[in-house]
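Labels below follow one simple rule: chain letters A, B, ... track the order of the sequence lines, proteins then strands, and each chain is numbered from 1. Quick caveat, the model's predicted, so the values are computed rather than measured.
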There are 2 protein chains.
Amino acid sequence: MPERGRPRTFDRTAALRRAMELFWAKGYEGTSIADLTAAMGIGSPSLYAAFGSKEALFLEATDYYTGTEGTEIWTALDEAPTACQAIENFLRQTAKAYSRNDRPQGCLIALGALHQDSSSGAICDDLRRRRAENHTLLLRRLERGVAEGELPAGFDSDAAATFYATVQHGMSIQARDGASCDALMATVAGAMAAWQGLAGTA
Amino acid sequence: MPERGRPRTFDRTAALRRAMELFWAKGYEGTSIADLTAAMGIGSPSLYAAFGSKEALFLEATDYYTGTEGTEIWTALDEAPTACQAIENFLRQTAKAYSRNDRPQGCLIALGALHQDSSSGAICDDLRRRRAENHTLLLRRLERGVAEGELPAGFDSDAAATFYATVQHGMSIQARDGASCDALMATVAGAMAAWQGLAGTA
DNA sequence: TCCTTTATGTAACGATCGATACATAAATTT
DNA sequence: AAATTTATGTATCGATCGTTACATAAAGGA
């Protein structure tokens, strides 16, 4: 049974991608409905009929971001044979993705809505939850390194995951300041220089 | 010759401090004139007479921030006897300052206006310039370490300064996510674990 | 005392904010 | 063909945005 009623005249996914790019570049509160409708090529009633509200559109856009832009960064975590290589690949992919100049620099999850009081609370909480999930992914990979004997038993996986997640967050701001991929790689090198010390094998 | 005309009935510096706290908590675009006048306890004409515009008020507020909240973080750089201790004290002071719960978490310079397209361009450029100045302070201290023989001649001071500045930026986001001082100290420990590797003395 | 100067309080400016009412268009169902 | 359902375009809603006109108040200078 196909859809009833008049079919929509625009590509919903393409419009969502445009919305994602706008939120990514300008943040949640910096993006207006007028900005969105102009970029998506639709009228505001179509936007509200298809996505519900600005808040719902943002949440769906971050989901789309996670499923498209975010994948290449995080798949490296599970594929690399060692935790050390996993973290390094993770940071290198981050450097490459954050510095691409055919799309906004930095990360939508990190930069989209940082001010709880002014942005919608639900938006801010959702991004916070996603950042916490990313921390958990790093933590799981490090714990796997401990379980496999790569890292010593006393290794503080939580502290290390926090450290590397924080470095990645900082890279978003660095990228927003115009840092090249090479400049971001300098930060990656610094972060990986910490590995020996953290692993306690020096 | 004292001031001519009717004297103002509010403390200009106290009002500026209130404005700084608001911008710090909510960001530039998230803070409205109505928010400001309510917190500063004055009417909008008084605000404009005393500070010129929202943009000028923000610039003055960031200056005030740099001269008050920022000092304790950066004075550690020149006072510590070694570059290594200077960086560590710098990060420890950052951890303590960013996690205080009697004021907004994180750094106004890092979080105040990250979206060039939506925020006023001048605001964004000013914060970027201040972040670049901070990078320069780190760079100078590291170069001093090279000049004094603490660090090897081939030490890449610029890359290391970028790394530590990036870590500090990440700590702003981490602090905004509610990280305690101890949690931030875990990041500091990670960043300092990189020192041996960066200095090439391992 | 009058004049000039600066600050305050009220009230409102045009522009934009997110969101929607309404009539019309285009599809399926009966 | 008539009825139902969904989407689009126009036009606009009340609220808020940053900013300012205007009249009044409070100070020093003449």
- Roughly, in whole Å, what's the span from CG in B:L22 to P in D:dC17? 12 Å
- Query: Rounded to whole angstroms, how far apart are CD on A:E3 and P on C:dT29?
  - Reply: 10 Å
- Indicate yes or no for a side-chain donor-acceptor contact from A:Y164 to the backbone of A:A191 under 3.5 Å, with no hydrogens or angles considered. yes
Quick one: side chains of residues 34-43 of chain B, donor-acceptor pairs under 3.5 Å with protein atoms, not counting sequence neighbours, listed by atom name and distance.
{"from": "B:D35", "atom 1": "OD2", "to": "B:K26", "atom 2": "NZ", "distance (Å)": "3.1"}
{"from": "B:D35", "atom 1": "OD2", "to": "B:S32", "atom 2": "N", "distance (Å)": "3.1"}
{"from": "B:D35", "atom 1": "OD2", "to": "B:S32", "atom 2": "OG", "distance (Å)": "3.1"}
{"from": "B:T37", "atom 1": "OG1", "to": "B:I33", "atom 2": "O", "distance (Å)": "3.1"}
{"from": "B:T37", "atom 1": "OG1", "to": "B:A34", "atom 2": "O", "distance (Å)": "3.1"}

- Note on the structure: Applying side-chain hydrogen bond (donor to acceptor under 3.5 Å, both in side chains) to A:R141 and not counting sequence neighbours gives none
- Query: Excluding sequence neighbours, so at least two apart, what forms side-chain hydrogen bond (donor to acceptor under 3.5 Å, both in side chains) with A:H169?
  - Reply: none
- Neighbours of DNA chain D within residues 31-47 of chain B, by heavy-atom distance under 4.0 Å: B:T31, B:S32, B:I33, B:A34, B:S44, B:P45
- Message: Can you measure A:L57 atom CG to C:dA19 atom C1' for me and round it to whole angstrom units?
- Response: 14 Å
- Message: The criterion is side-chain contact (heavy atoms from CB on, under 4.5 Å); which residues satisfy it with A:T9, sequence neighbours excluded?
- Response: none
- Could you state the OH-P distance from B:Y48 to C:dA7, rounded to the nearest angstrom? 17 Å
- Query: How would you list, by chain and number, every residue that makes a side-chain hydrogen bond (donor to acceptor under 3.5 Å, both in side chains) with B:R103, sequence neighbours excluded?
  - Reply: B:E69
- Members of residues 6-15 of chain B that approach DNA chain D, where some heavy atom sits under 4.0 Å away: B:R6, B:P7
- Message: When you measure from the side chain of A:R131 to the backbone of B:D177, do you find a donor-acceptor pair of N or O atoms at a distance under 3.5 Å?
- Response: no
- Query: Between the two ends of the helix from C:dT1-D:dA30 to C:dT30-D:dA1, what is the bend in degrees, rounded to 10 degrees, where each end axis spans five pairs?
  - Reply: 10°
- Item | Under the salt bridge (Lys or Arg N to Asp or Glu O under 4.0 Å) test, residues paired with B:E55 that sit two or more places apart | none
- Message: So, using ring-ring contact (aromatic ring centres under 6.0 Å, His included) as the criterion, who are the partners of B:Y65 when residues are at least two apart?
- Response: B:W24
Let me have the donor-acceptor pairs involving side chains of residues 70-85 of chain B, under 3.5 Å, with sequence neighbours excluded, atom names and distances please.
{"from": "B:T71", "atom 1": "OG1", "to": "B:T68", "atom 2": "O", "distance (Å)": "2.9"}
{"from": "B:T75", "atom 1": "OG1", "to": "B:T71", "atom 2": "O", "distance (Å)": "3.2"}
{"from": "B:T82", "atom 1": "OG1", "to": "B:Q85", "atom 2": "N", "distance (Å)": "3.0"}

- Item | Residue whose nearest DNA chain D nucleotide is more 5′ - B:G5 or B:Y28 | B:Y28
- side-chain hydrogen bond (donor to acceptor under 3.5 Å, both in side chains) against B:D126, all qualifying residues, sequence neighbours excluded: B:R129, B:R130
